Amino acid sequence: MVQRPIAVLGECVADAFADTAQPRPGELALRVLPGGGPANTAAALARLATPTRFLGRISSDAFGALFRAHLASSGVDLSSVVAAREPSTMAIATLDEHGQAQYSFHAEATADWQWTDAELAAALPRDAACLHTGSLALVRAPGGERIEELLTGARSSATVSIDPNVRPLLVDPNVYQARLARWCALADILRLSSDDLELLMPGVTPERACDAWHLAGVRLVVITLGGRGAVASLDGVRVFAPAPRVEVVDTIGAGDSFTAGLLHRLSRAGRLGGRLDGLTVDEVSDACEYAARVAALTCSVAGPNPPWAHQMESAPVATSR
């Protein structure tokens, strides 16, 4: 069976970390890694051997060259990328004692959000089985509303997947909250973290949130719970996927890798390309358990560095539920 490609639409971000090397007095040395939720997801999908096209506006600056090299070396098709004149988005990250990253962003008037209708119309591949998007590109002006319009049209031939990836330092969570019901009406798959859930619906349990989002229209909701695994809900039927135990270096890109593993497995099962027709709870459970293994391997190395397909053969498996 020939796999139709998965298209990933969104931003690339230069993730900068303070270098542990000794800079000269009065200097701060930064180590820059290619990041951004959608770009991370695209790289992870391609490394798992899923045909993947990235739809993004990538700057011609030094960071843009880094993004292109990273995505291309991961096997991502960049033929739909717009060569942008605006600068790249940058995030300066600090890690806490658990490997969790906190970011400060430099994102005003950067390339990722400046989509025009003509650029979007030309970027979307007509043969895509799935269009995955979310994160900042879906809420930053002026491109966010244009991307929503694109999703409406893409539904005629592709499964729509959304990861809100809430970034409260850049966008007020109220903006996400105001649009979430609309996204649920557009999406077939909604993947978010427990941190996202707390920002969007404070104090609400994953089960209650899933029910609310099903009522708004989305069929499959997956909420990742960090080291505790993930809960998935298909039309209200719940499954739980435990997380394998690994030595965590950091958690950067783990959620994006989980999304990639989920979409990869659903693609291999032949369930993408429409409204998840025929999808079973057992297939959801299998996809989530595989995705948890992809995320675990990502956590075991530094930065957003997802595993390759051959590495999944020896990926850790959760031993208990």
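Hydrogens, waters and symmetry mates play no part in the numbers below; they use all other heavy atoms, side chains included. Nothing fancy with the numbering, it's 1 onward along the sequence. Quick caveat, the model's predicted, so the values are computed rather than measured.
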Taking the side chain as everything from C-beta on, heavy atoms only, tell me whether [X] gets closer than 4.5 Å to [Y].
X	Y	value
I223	C210	yes
M90	V13	no
V204	P202	no
L190	V222	no
T205	E207	yes
L45	F54	no
S257	N40	no
L151	T133	yes

Nearest heavy atoms of [X] and [Y], plus distance in Å:
X	Y	value
H106	T110	O-CG2, 4.0 Å
S88	F63	OG-CB, 3.5 Å
I147	A137	CD1-O, 3.3 Å
S156	G153	OG-O, 3.1 Å
L55	A123	CD2-O, 3.4 Å
A158	A128	CB-O, 3.5 Å

Write out all pairs satisfying ring pair (Phe, Tyr, Trp, His ring centres under 6.0 Å) with one or both partners inside [range], taking only residues at least two apart or from two chains.
range	result
residues 110-143	none
residues 250-299	H264-Y290
residues 177-200	none

Would you say [Y] ends up clustered with [X] if hydrophobic residues are merged whenever their side chains have heavy atoms under 4.5 Å apart, either directly or through other cluster members?
X	Y	answer
V294	V76	no
V249	V32	no
L186	I189	no

(request) Please step through side chain to side chain contact (heavy atoms under 4.5 Å, CB included) for the pair C12 and L71, ending with a clear verdict. (result) CA-CA 10 Å; C12 295; L71 290 169; 4.2 Å; yes

Main chain of [Y], side chain of [X]: is a donor-acceptor contact present, judged purely on distance under 3.5 Å?
X	Y	answer
T116	E119	yes
Q177	L200	yes
T159	G274	yes
E283	T280	yes
T50	A46	no
H214	G236	yes

Which pairs of donor and acceptor atoms, one on a side chain in residues 299-313, lie under 3.5 Å apart (sequence neighbours left out)?
residue	atom	partner	partner atom	Å
S300	OG	L297	O	2.6
N305	OD1	R47	NH1	2.7
Q311	OE1	W308	N	2.7

(message) Working note: L138 + Y176, criterion side chain to side chain contact (heavy atoms under 4.5 Å, CB included); need CA distance, chi angles, decisive distance, verdict.
(response) CA-CA 9 Å; L138 200 49; Y176 295 85; over 6 Å; no

Pair [X]-[Y], side-chain donor/acceptor within less than 3.5 Å:
X	Y	result
R191	T224	yes
E11	T89	no
S80	R53	no
S59	D61	yes

(message) What verdict does the side chain to side chain contact (heavy atoms under 4.5 Å, CB included) test give for V317 and R293, after you've listed the backbone C-alpha separation in whole Å, the side-chain angles of each residue and the deciding distance to 0.1 Å?
(response) CA-CA 7 Å; V317 178; R293 295 170 66 205; 3.7 Å; yes

(message) With salt bridge (charged side-chain N to carboxylate O under 4.0 Å, His left out) as the criterion, how do D235 and R219 come out once you've worked through the C-alpha distance, each side chain's angles and the decisive distance to 0.1 Å?
(response) CA-CA 5 Å; D235 299 327; R219 288 199 61 197; 2.5 Å; yes

(message) Could you go through D196 and S193, starting from their C-alpha distance and side-chain angles, then the distance that decides it, and tell me whether this counts as side chain to side chain donor-acceptor pair (under 3.5 Å)?
(response) CA-CA 5 Å; D196 293 332; S193 70; 3.2 Å; yes

From [X] atom [atom1] to [Y] atom [atom2], the distance as rounded to the nearest 0.5 Å:
X	Y	atom1	atom2	result
C130	I6	SG	CD1	5.0 Å
C288	L220	SG	CG	6.5 Å
I58	E86	CD1	CD	13.0 Å

Are the charged groups of [X] and [Y] less than 4.0 angstrom apart, N to O?
X	Y	result
R140	E145	no
R31	D15	no
R57	D112	no

(request) Could you tell me which residues satisfy salt bridge (Lys or Arg N to Asp or Glu O under 4.0 Å) with D117, sequence neighbours excluded, listed by chain and number? (result) R146

(message) Could you work out, with salt bridge (Lys or Arg N to Asp or Glu O under 4.0 Å) as the rule, every residue matching R275, not counting sequence neighbours?
(response) D188

(request) Check the surroundings of atom CZ in R238: do more than 12 heavy atoms from other residues, nucleotides or ligands lie under 6.0 Å from it? (result) yes

(message) Quick one, Q3 with S267, criterion side chain to side chain donor-acceptor pair (under 3.5 Å). Give me CA distance, side-chain angles, the key distance, then yes/no.
(response) CA-CA 7 Å; Q3 274 187 283; S267 175; 2.7 Å; yes

(request) Could you walk me through whether R265 and D286 pass salt bridge (charged side-chain N to carboxylate O under 4.0 Å, His left out), step by step? (result) CA-CA 8 Å; R265 207 67 166 181; D286 171 78; 2.8 Å; yes

(request) Applying side chain to side chain contact (heavy atoms under 4.5 Å, CB included), run through L124 and L131 and close with a yes or a no. (result) CA-CA 9 Å; L124 181 64; L131 175 58; 4.1 Å; yes

